[in-house]
Structure formats: C-alpha cells, structure tokens
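One structure is given below, encoded as structure tokens.
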Amino acid sequence: MTQSRKRRLRRWTDHAAYLLIGVVIAMGVQLAQGRVAPAVIGWLVGLVMAAAGLWACLKGPRVDEVALAGVKFAWLWGGFAGLALGFGLFQWAVLAGSGIGWPASPAELRAFAAGIIIVIGVQLLAYLAILAGWWWRKGGL
Amino acid sequence: MKSRLKLLRAEHGLTQADLGERVGVSRQAINAIETGKFEPSLGLAWRLARHFGHPIEQIFDFSDELEGEQP
C-alpha cells in the first residue's frame with residue numbers, strides 16, 4: 001500500500017494537481033489581500049481553466065465505458081439537482097436582495113454575464129454541439 | 001449480472017489492472033464488472049471472452065436478464 005502510494009505520488013499528473021492547488025490558494029490569498037488586480041486574477045484563472053480543459057480533452061479518449069457511464073449518471077441527476085438548486089439560489093440571491101439588487105446595476109449585470117452567461121452559456125453550447133454531433137453520427141438527426 | 005471473470009482472472013494470475021490494460025479499460029472498470037455493479041457492453045464482453053478463450057455465455061450469466069421472457 002505504501003509503495004503503491006509512493007509510486008502514485010511520482011506521477012507527473014499528481015505534481016501538476018498539487019501545483020494547481022497551490023496556485024489557486026496563492027491567488028485566493030493575494031486577491032483577498034487586495035495585492036493583485038482582479039483582471040490579472042481573471043486572466044490567470046482563465047489560463048488555468050483553459051489548460052485544465054485541454055488536459056481533459058487529451059485525456060478524454062482514455063475514458064472507458066464505466067467511467068463514461070458514471071459521467072452520464074452524474075450529469076443527468078447532478079445536472080437536474082444543480083439546476084433546481086440554482087433556481088432556488090437565484091430566488092434567494094435576487095429576490096431576497098442578498099447580494100444582487102433588482103433591477104441590477106450595470107456592474108452587477110457585467111458580473112452576472114461573466115459568471116453565468118459566459119461560463120455556463122459556453123458550456124451549454126458546447127454540450128449541445130457535442131450532443132448534436134453524437135446524434136448526427138448515429139444517424140438520428 | 002454474475003460472471004466468472006474474477007475466477008478466470010485469478011486462474012491466469014492477472015491483477016485487475018493487468019486485465020484492464022489488456023482489454024482497454026481501467027482497473028476500476030474490471031472491479032465494477034467483477035462485483036456485478038456494471039454490465040459491460042457487448043464489445044467489452046467479447047474482448048474479455050476472447051482474451052480468456054471462452055464463449056461470452058461461459059463467462060457472463062445472463063439468466064437474470066432472461067427471467068420472465070417467453071421461450
């Protein structure tokens with residue numbers, strides 16, 4: 001068990017994961033202390049996310065059918081649960097006035113656009129594109 | 001679905017990781033199939049059967065799926 005763990009720690013992906021965690025923590029501390037401009041943090045987060053996305057795409061073909069079944073299960077039920085929870089949180093955040101005003105100010109709208117429309121919107125578009133491509137390859141469209 | 005996969009793997013002196021590598025899936029996938037928590041696709045079942053040199057029906061027990069079907 002110990003040997004197995006030692007071997008595992010020598011894998012480059014483990015070091016990359018620890019590096020990423022360290023960068024995120026450091027960035028969080030710097031941001032909290034106001035030492036780094038939010039724009040810089042935003043670009044760094046974007047860079048890290050792009051690298052993570054690229055890594056996931058390269059890693060993707062090695063996902064076997066069991067892992068894929070897990071992903072499908074999690075996206076289906078986790079996605080529905082998250083959506084329901086999100087609507088609830090939206091009601092709390094907007095209508096109850098806990099953070100976001102209504103009608104929203106331009107700054108709040110920009111934050112909303114950056115946080116929701118760009119991140120989740122692009123993810124949704126990519127999801128729909130992949131889903132359409134999948135059905136097209138299966139002759140279903 | 002029950003299977004003889006664990007028995008066959010032990011007879012051949014293979015670890016779950018070894019077998020997974022030979023048929024193109026992860027160790028976790030082999031474990032899930034052996035414990036009956038995941039039913040493999042036809043392609044994976046065929047690769048496993050071919051690896052051990054047995055027909056699919058000698059490795060996997062389909063009796064649960066066949067229950068209630070008209071002969």
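As a basis for the values below, the full set of heavy atoms in this structure was taken, side chains included, without hydrogen atoms, waters or symmetry mates. Chain letters run A, B, ... following the sequence lines, proteins first, then strands; residues in each count from 1.
- Close approach to chain A, defined as a heavy atom under 4.5 Å from one of its heavy atoms, is seen in no residue of residues 12-23 of chain B.
- Linking ILVMFWY side-chain heavy atoms closer than 4.5 Å, directly or via other members, places A/Leu131 and A/Leu125 in two distinct hydrophobic clusters.
- The part of A/Ala69 that comes within reach of chain B is its side chain, from C-beta onward, which places non-hydrogen atoms under 4.5 angstrom from that chain.
- Within residues 28-36 of chain B, the residues having any heavy atom less than 4.5 Å from a heavy atom of chain A are, in residue-number order, B/Ala29, B/Ala32.
- Residues from residues 40-55 of chain B that place a non-hydrogen atom less than 4.5 Å from a non-hydrogen atom of chain A comprise B/Pro40, B/Ser41, B/Leu44, given in numerical order.
- Residues A/Glu65 and B/Glu39 share a closest heavy-atom pair of OE2-O, 4.4 Å.
- Here A/Val71 sits in one hydrophobic cluster together with A/Trp75; the rule is ILVMFWY side chains under 4.5 Å apart, joined directly or through other members.
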